[in-house]
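The structure under discussion appears below in the form of C-alpha cells.
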Amino acid sequence: MLDRKFILDNAAIVQENCRRRGASVDVQKFVDLETRRRAKDTEVQDLNRRANEVSKTIGQAKDESEREARKAEGRRLREAKEAAQKELDALQAEIVEIQKLFPNMSHPQAPVGGESAAVEIRRGRAPVPKFDFKPKDHVELAQSLDLLDLEAGARVAGHGFYFLKNEAVLLELALQQFAVNFLIGRGYTPMITPDLARNDVLAGIGFLPRGPETQIYSIENSDLSLIATAEITLGGLLTGQVLDEGQLPLRLCGVSHCYRTEAGAHGRATRGLFRVHQFTKIEMFAFTTPEQSDGMHDELCGLECEIFDALAVPYRVIDTPTGDLGGPAYRKFDLEAWMPGRGEGGAGDWGEITSTSNCTDYQSRRLDIRCKKKGEKGTRLVHTLNGTAVAVSRALIAILENNQQADGSIVVPEPLRPFVGKERIGKKFGELGRSP
RNA sequence: GGAGAGGUGGCUGAGUGGUCGAUAGCGCCGGUUUGCUAAACCGGUAAGGGGGCCUAAACCUCCUUCACGGGUUCGAAUCCCGUCCUCUCCGCCA
C-alpha cells in the first residue's frame, strides 16, 4: 500500500507513476474521498471528545437529577458520534479499496516502459554453450534419463504437476543444500516456513487470494492459502513488530514449497518444468531501514549472481521496466538463464530463473512492521526485500539443458557433486554409482 | 479431538463498572553522592495518530490502544458473546 498522505500530497506524481506501470487507478476519486474522510474524521473526533468530557463529570454529579441530565447529554453525543462514525467507516472502506490498487512508486533508474524496455545490466561468468550436436530440451533429457514423470503427475494431480525421479531428486536436494549452506555463510538465517499462510498475510505482501485472476490456491472453509513463495511467510514473520534499527538489516533465507494456479497461463511456454503448480524454492528475504534498502537490493542481486556463477549457468541480469514491476516492487532485477531447449524450434532462449525486488515500505505498511532507533522518538516503516536464491524447477531446466553432452548424459555442476554423489548423470540410475 | 488455566507497558505482575493508560518490582535513561567502579538515594520512563505550528527540535494538548472482533452502558482492562493465540492434562498421530 502507498501512504494516503503521500498520495494526497503528490497526486500528479502518483498518477504518472500509475500510467508508467500500466495501472489504471482513479487518483482524483481517491483524493476527493480522502479529503472528505479527513473532514469527517475531525467531526467524529470532536463529538467523541465532547462525549468523553461529559462521561467524566457523571461520576461527580451532585444529585440524581443532574446526573440524569448529564447522562442524557452523553447519550445524545454518543449517538451523534456513532452516526458520524458510520459515515466515516463507509468512506474508509471505499478508500482502502482504491488504495489497494495503487502500485508502489518506482525507482528513478528503473527503465520506463513495457517488456521491450528491459535493460540488460550484467552477464554471468559462464558463456552461452555452443553444441556440436542438436541439443535436447529438458523434458527429452529428463525422460530419457528417467528423471521426470509428467504423465504420472497429471494422473495424480493434473497438468502442471510432476514426479521427480532418481538423480533429479538428488539434484533438488543438492540445490537446496548448496543454496542454504551458501547463504548461511553470508550471514542469512535459514528457516523452513509454513507452506500455508493466512489470507491477510498474503494480502499484506501483495497477493490477492480468491480474486478472479488469482495465482493462489485457497483452502476451503478457512482463511488459509497455499503460499506462492516463502516471501509471504518470511514477510509475515514480523507482522505488527517494532524492530530495533541497530539489529537491521535482518537477513533471512526460507525454504518452502510454492504453489501457483497459473490461471490463464495455459498455452504459452508451459512445457515441462517451466511453469508448474508446485515447486521448491530457497528464498532470501531482508528487513532493512529505509537507508539500507538500495544497498541490500544490490547485495541480493549479487548473491543470485554468485550462486549461478558457481553452478556455471549462463545468465543475464535484467533491470525490469516499470510496466512489468507488478504491485509491490519499487525496483526488480531478474536473472534470466540461457535455456538451450527454449525458443522457436529449440534455438534456445532466455528464461527467468530468479528475481529480486526492493518493495520499500509497500508491504510493511500493510503488515505494520516498523523500526525504531534507540533513544529517538517515533518509528518508521521498515523496507522489505526479497530475492530468489534457487527456484528448483527452473534451476533444473537450466542445469539439464546447459550441461547435456552428446551422449545424452548430464554433467553435474561442481558444487552439487558432493550432494549428488557423482559427476555425471548417465542412462541408468546408479550406473556410475558412488565411489566406495 | 476432549478437559482445564490464561493472554495487562521492554519484562515480571496487581487491578471485577467512573480522573485507570493503569499500583509495585525489574530493566532502561537522567541526577546526587564517589579517587574509579558498584551500591544507595532522588527523578523520569508505552506506542500510534491528530492539533497548537509556516519548516526542524523542544514543549503543550486531544484521540486511540490492557490479544482481536462484536455487544451492554452516559462510561469497560473490569460484565456478556464470538474468534485467535499460549500453557497443562488426556486421547490420537509422523
Side-chain angles (χ1 to χ4, degrees), chain A residues 1-10 33-93 95-96 99 192-204 209 218-225 232-233 236-248 250 255-257 287 289-291 361 363-382:
Chain A
M1 264 192 320
L2 285 185
D3 181 40
R4 282 202 295 250
K5 192 191 269 178
F6 178 84
I7 300 170
L8 208 57
D9 294 345
N10 301 278
L33 285 170
E34 174 62 8
T35 308
R36 277 168 58 200
R37 190 196 66 82
R38 287 190 167 196
K40 189 55 76 177
D41 187 59
T42 309
E43 185 187 329
V44 169
Q45 293 254 335
D46 185 55
L47 286 166
N48 193 36
R49 183 181 51 77
R50 283 158 62 197
N52 281 344
E53 280 168 6
V54 171
S55 286
K56 277 186 189 168
T57 67
I58 291 176
Q60 293 118 35
K62 298 191 285 292
D63 55 59
E64 200 54 32
S65 73
E66 181 178 341
R67 195 181 169 86
E68 285 309 315
R70 288 191 186 173
K71 275 168 85 163
E73 171 69 359
R75 199 176 294 126
R76 191 186 65 76
L77 284 166
R78 288 288 166 194
E79 278 164 9
K81 185 239 162 189
E82 284 312 314
Q85 180 76 52
K86 251 185 143 167
E87 292 177 53
L88 179 65
D89 290 346
L91 278 170
Q92 171 85 20
I95 285 165
V96 169
Q99 193 183 358
I192 291 179
T193 86
D195 281 353
L196 286 82
R198 290 184 202 291
N199 289 331
D200 55 348
V201 174
L202 286 266
S218 293
I219 306 295
E220 203 175 357
N221 301 323
S222 80
D223 71 336
L224 292 170
S225 297
I232 291 166
T233 39
L237 183 81
L238 296 173
T239 294
Q241 308 280 300
V242 179
L243 314 178
D244 174 11
E245 283 198 16
Q247 294 171 341
L248 299 179
L250 233 55
V255 182
S256 82
H257 290 120
F287 297 94
T289 66
E291 294 75 26
D361 58 7
Q363 296 174 328
S364 60
R365 180 167 294 109
R366 184 116 52 116
L367 295 169
D368 188 29
I369 306 173
R370 301 169 167 277
C371 61
K372 182 183 173 66
K373 201 177 268 178
K374 266 213 168 73
E376 276 189 19
K377 257 199 144 156
T379 59
R380 301 189 289 169
L381 290 165
V382 300

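Just so it is clear, the structure is predicted and the values come from calculations on it, not from any experiment. Protein chains get the first letters and strands the later ones, always in sequence-line order, with residue 1 at the start of each.
Residue A/Lys5 has its side chain nearest to B/G50 when only B/C63, B/G50, B/C74 are considered. Comparing B/G18, B/C84, B/U64 against the side chain of A/Asn48 picks out B/U64 as the nearest. Comparing atom distances between the A/Arg370 side chain and each of B/G50, B/C74, B/G48 picks out B/G48 as nearest.
With a cut-off of 3.5 Å on both pairing distances, B/A94 has no Watson-Crick or G-U wobble partner at all. Within the shown strands, nothing qualifies as a pairing partner of B/G75 under the Watson-Crick or G-U definition with both distances less than 3.5 Å. The partner of B/U12, taking Watson-Crick or G-U wobble pairs whose two distances both stay under 3.5 Å, is B/A24. Look at B/G17: it lacks any Watson-Crick or wobble partner with both distances under 3.5 angstrom. Pair assignment for B/U83: B/A67, on the basis of Watson-Crick or G-U wobble contacts that are both within less than 3.5 Å. When both pairing distances are held under 3.5 Å, B/C41 makes a Watson-Crick or G-U pair with B/G31. Taking a pair to require two hydrogen-bonding distances under 3.5 Å in either a Watson-Crick or a G-U wobble arrangement, B/C54 remains unpaired.
Separating the NZ atom of A/Lys56 from the P atom of B/U19 is a distance of 9 Å, rounded to the nearest angstrom. Put simply, CZ on A/Arg49 is 7 Å from P on B/C63, counting in whole angstrom units. Separating the CG atom of A/Leu381 from the P atom of B/A47 is a distance of 16 Å, rounded to the nearest angstrom. Note: CD (A/Gln85) to P (B/C63) measures 15 Å, nearest angstrom. Between the C1' atom of B/A67 and the CZ atom of A/Arg198 lies a distance of 13 Å, rounded to the nearest Å. B/C63 atom C1' lies 12 Å from atom CD of A/Glu53, rounded to whole Å. When rounded to the nearest whole Å, the span between CG of A/Asp9 and P of B/U55 equals 11 Å. Following rounding to the nearest Å, A/Arg38 (CZ) and B/G50 (C1') show an atom-to-atom distance of 10 Å.
Rounded to the nearest Å, the gap between the C1' atom of B/C74 and that of B/G27 is 41 Å. Here the separation of B/C29 from B/G10, taken at their C1' atoms, is 13 Å to the nearest Å. On the C1' atoms, B/U19 is 41 Å away from B/A38, given to the nearest whole Å. A distance of about 23 Å separates the C1' atoms of B/G4 and B/C93, rounded to the whole Å. Across B/C80 and B/U73, the matching P atoms stand 16 Å from one another, rounded to whole Å. Comparing B/U23 with B/A14, their P atoms sit 15 Å apart, to the nearest whole Å. The gap from the P atom of B/G9 to that of B/G48 amounts to 15 Å, rounded to the nearest Å. On the C1' atoms, B/G6 is 15 Å away from B/U12, given to the nearest whole Å.
Along RNA chain B, the nucleotide nearest A/Asp41 and the nucleotide nearest A/Gln45 are compared for position; the residue whose nucleotide lies closer to the 5' end is A/Asp41. If you find the closest nucleotide of RNA chain B to A/Ala51 and to A/Arg380, the one lying nearer the 5' end belongs to A/Arg380.
Nucleic acid contact class of A/Asn52 (heavy atoms, under 4.0 Å, all strands): sugar-phosphate only. Looking at heavy-atom distances under 4.0 Å, A/Lys81 makes no contact with the nucleic acid at all. A/Arg4 comes within 4.0 angstrom of nothing in the nucleic acid, heavy atoms only.
Side-chain contact check for A/Arg198 versus A/Leu224: some heavy-atom pair is nearer than 4.5 Å. Between A/Leu8 and A/Thr35, the closest side-chain pair of non-hydrogen atoms falls below 4.5 Å.
A search for side-chain contact (heavy atoms from CB on, under 4.5 Å) contacts involving A/Ala51 returns A/Leu77, A/Arg78, not counting sequence neighbours.
Counting non-hydrogen atoms of other residues, nucleotides and ligands closer than 6.0 Å to CZ of A/Arg36 gives a total of 12 or fewer.
Taking all atoms of both residues into account, the shortest heavy-atom contact from A/Val382 to A/Ser364 is O-OG, 2.6 Å. Smallest separation of non-hydrogen atoms from A/Glu43 and A/Ala84: OE2-CB, 3.8 Å.
Under 4.0 Å is where a charged nitrogen must lie from a carboxylate oxygen, and between A/Asp46 and A/Arg49 at least one such pair does.
A donor-acceptor contact under 3.5 Å links the side chain of A/Arg67 to the base of B/G18.
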